[in-house]
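Per chain, numbering begins at 1; letters A, B, ... match sequence-line order.
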There are 2 protein chains.
Amino acid sequence: MPTPAPHNPATCPGCAAPDLAFAAHDHAHCAADALARAHAITAASGARLTPVRRRVLEILLEDHRALGAYDVLARLAADGFGNQPPVAYRALEFLVEQGLAHRIQRLNAFTACAHPGEAHAPAFLICRSCHSVAEAEAAPARDALAHDAARLGFTIERTTIEALGLCPACKDQA
Amino acid sequence: MPTPAPHNPATCPGCAAPDLAFAAHDHAHCAADALARAHAITAASGARLTPVRRRVLEILLEDHRALGAYDVLARLAADGFGNQPPVAYRALEFLVEQGLAHRIQRLNAFTACAHPGEAHAPAFLICRSCHSVAEAEAAPARDALAHDAARLGFTIERTTIEALGLCPACKDQA
DNA sequence: GCTTGACCTGTTATGATATTACATACATAG
DNA sequence: CTATGTATGTAATATCATAACAGGTCAAGC
Ligand SMILES: [Zn+2]
Ligand SMILES: [Zn+2]
Ligand SMILES: [Zn+2]
Ligand SMILES: [Zn+2]
């Protein structure tokens, strides 16, 4: 599996609008763009964006929220795809591997990537009220951890950073 | 439920030996000390360290690893306690509330706290090979995230920071 | 001492999340 | 056209977690 292209902030829609998930925006364009990028990325890497995989990505792209595997599965089944768990889990795994989606540990759920194909492991800001998910820069937090880890002789391979709280819209409501 | 006492590094065994989980040490003393502190903490707060709860804490204290709820349950059942999931989950929930244990999201598992009663939400260094868990300082990483969150108008309430990797011992083996 | 009420424990049942194993279909290279 | 690798479908099962209720324990207040 080829590695995705390096991150280029100039062409990354997620970087251009970091508050995407929490702000009003032209989401139809946002989703269409992500889907187009997904086609380009998979074509470039030789991976196959098959109908099930593409449909799962479309479902995740419907909004900036996280969906459980069984929610995705129900949608797939309604569209005539298989309705056994592996159908959803395999497509989701593929998307995560390709950098087109992320898994949110805290929610046992998945969300479309806002910086598609950039081979990143972002931090997540998760609204506990509306389940919106925004991606934030994880590097500073990871660096802070690395110091402690080095002192203990621990080698960090992957880091999960997830913040639960309230997004601006839900805060206003309360 | 009264809030635990603030963190006092001078009296905190976890702070005195931050590499506890990954280094050879007098673990019998380490566990006995934690258990004694647990008695003191719960007595002070009026919470009841009942036989099941105490036994669960003892089980978690057997080493610096994370155990699943069903692993704990099997041990409880072998000791003559109830063998239905709520028995384990309730005791674990109690220990987490009291600051005597932590939940590791990444593993769906629980580990005894190395800084008992200090009302903290640490970062975790998790060995993917032996499942040892060390607690690290989460404040710097949290602070790094807070900047991004503030920019987006997101209010952080809780943060999960977990690093997966290899501990010194497992690294040497490989 | 008895009643009452809070809390803890046990148990049944079920729900939610995830994987293994195997069969079938399909694309593409040779 | 056939062999090969990859993707999908399906059944069965494993793993993690909670709801709902029944019964027991214990101490406060009468
Ligand atoms: Zn959008
Ligand atoms: Zn992303
Ligand atoms: Zn120890
Ligand atoms: Zn701790």
Check: In whole angstrom, what separates B:R90's CZ from C:dT11's P?
Finding: 11 Å
Notebook entry, point to check: Using centres under 5.5 Å plus planes under 30 degrees as the test, is B:Y70 stacked with D:dT15?
Noted result: no
Check: Do the ring centers of B:H131 and B:H64 come within less than 6.0 Å of each other?
Finding: no
Check: With under 30° as parallel and over 60° as perpendicular, where do the rings of A:F22 and B:F154 fit, or are they tilted in between?
Finding: parallel
Checklist line | Value in whole Å for how far the P atom of C:dT9 lies from CG of B:D79 | finding: 14 Å
Notebook entry, point to check: Has B:R48 got a side-chain N or O lying under 4.0 Å from the OP1 or OP2 atom of D:dC26?
Noted result: no
Check: Rounded to the Å, how far apart are A:F110 CZ and C:dT17 C1'?
Finding: 10 Å
Next item on the list: Determine: side-chain N/O of B:N108 to OP1/OP2 of C:dT17, distance under 4.0 Å, yes or no.
Entry: no
Check: Mapping A:N83 and A:F94 onto DNA chain D by nearest heavy atom, which one lands closer to the 5' end?
Finding: A:F94
Item checked: For atom CG of B:L49 and atom C1' of C:dC7, their distance in whole Å -> 15 Å
Next item on the list: Choose from C:dT19, C:dC8, C:dA13 the nucleotide whose nearest atom is closest to any side-chain atom of B:P85.
Entry: C:dA13
Next item on the list: Decide side-chain contact (heavy atoms from CB on, under 4.5 Å) for B:V133 and B:I104; before the verdict, give the C-alpha distance in whole Å, the side-chain angles of both, and the deciding distance to 0.1 Å.
Entry: CA-CA 9 Å; B:V133 175; B:I104 309 294; 4.0 Å; yes
Checklist line | B:L73 CG to C:dG10 C1', straight-line distance once rounded to whole Å | finding: 12 Å
Note to self: Quick test of your reading of the model: are B:E62 and B:R75 salt-bridged, counting only N-O distances below 4.0 Å?
What the structure shows: yes
Notebook entry, point to check: Rounded to whole angstroms, how far apart are CD on A:E93 and C1' on C:dA18?
Noted result: 11 Å
Check: Does B:R90 pair with B:E93 as a salt bridge, N-O distance under 4.0 Å?
Finding: no
Next item on the list: Specify the residue among B:R53 and B:P86 whose closest nucleotide of DNA chain C lies further upstream toward the 5′ end.
Entry: B:R53
Next item on the list: Specify the separation, in whole Å, of atom CG of A:L107 and atom P of C:dT17.
Entry: 10 Å
Checklist line | Separation of atom OH in B:Y89 from atom P in C:dT9, rounded to whole Å | finding: 17 Å
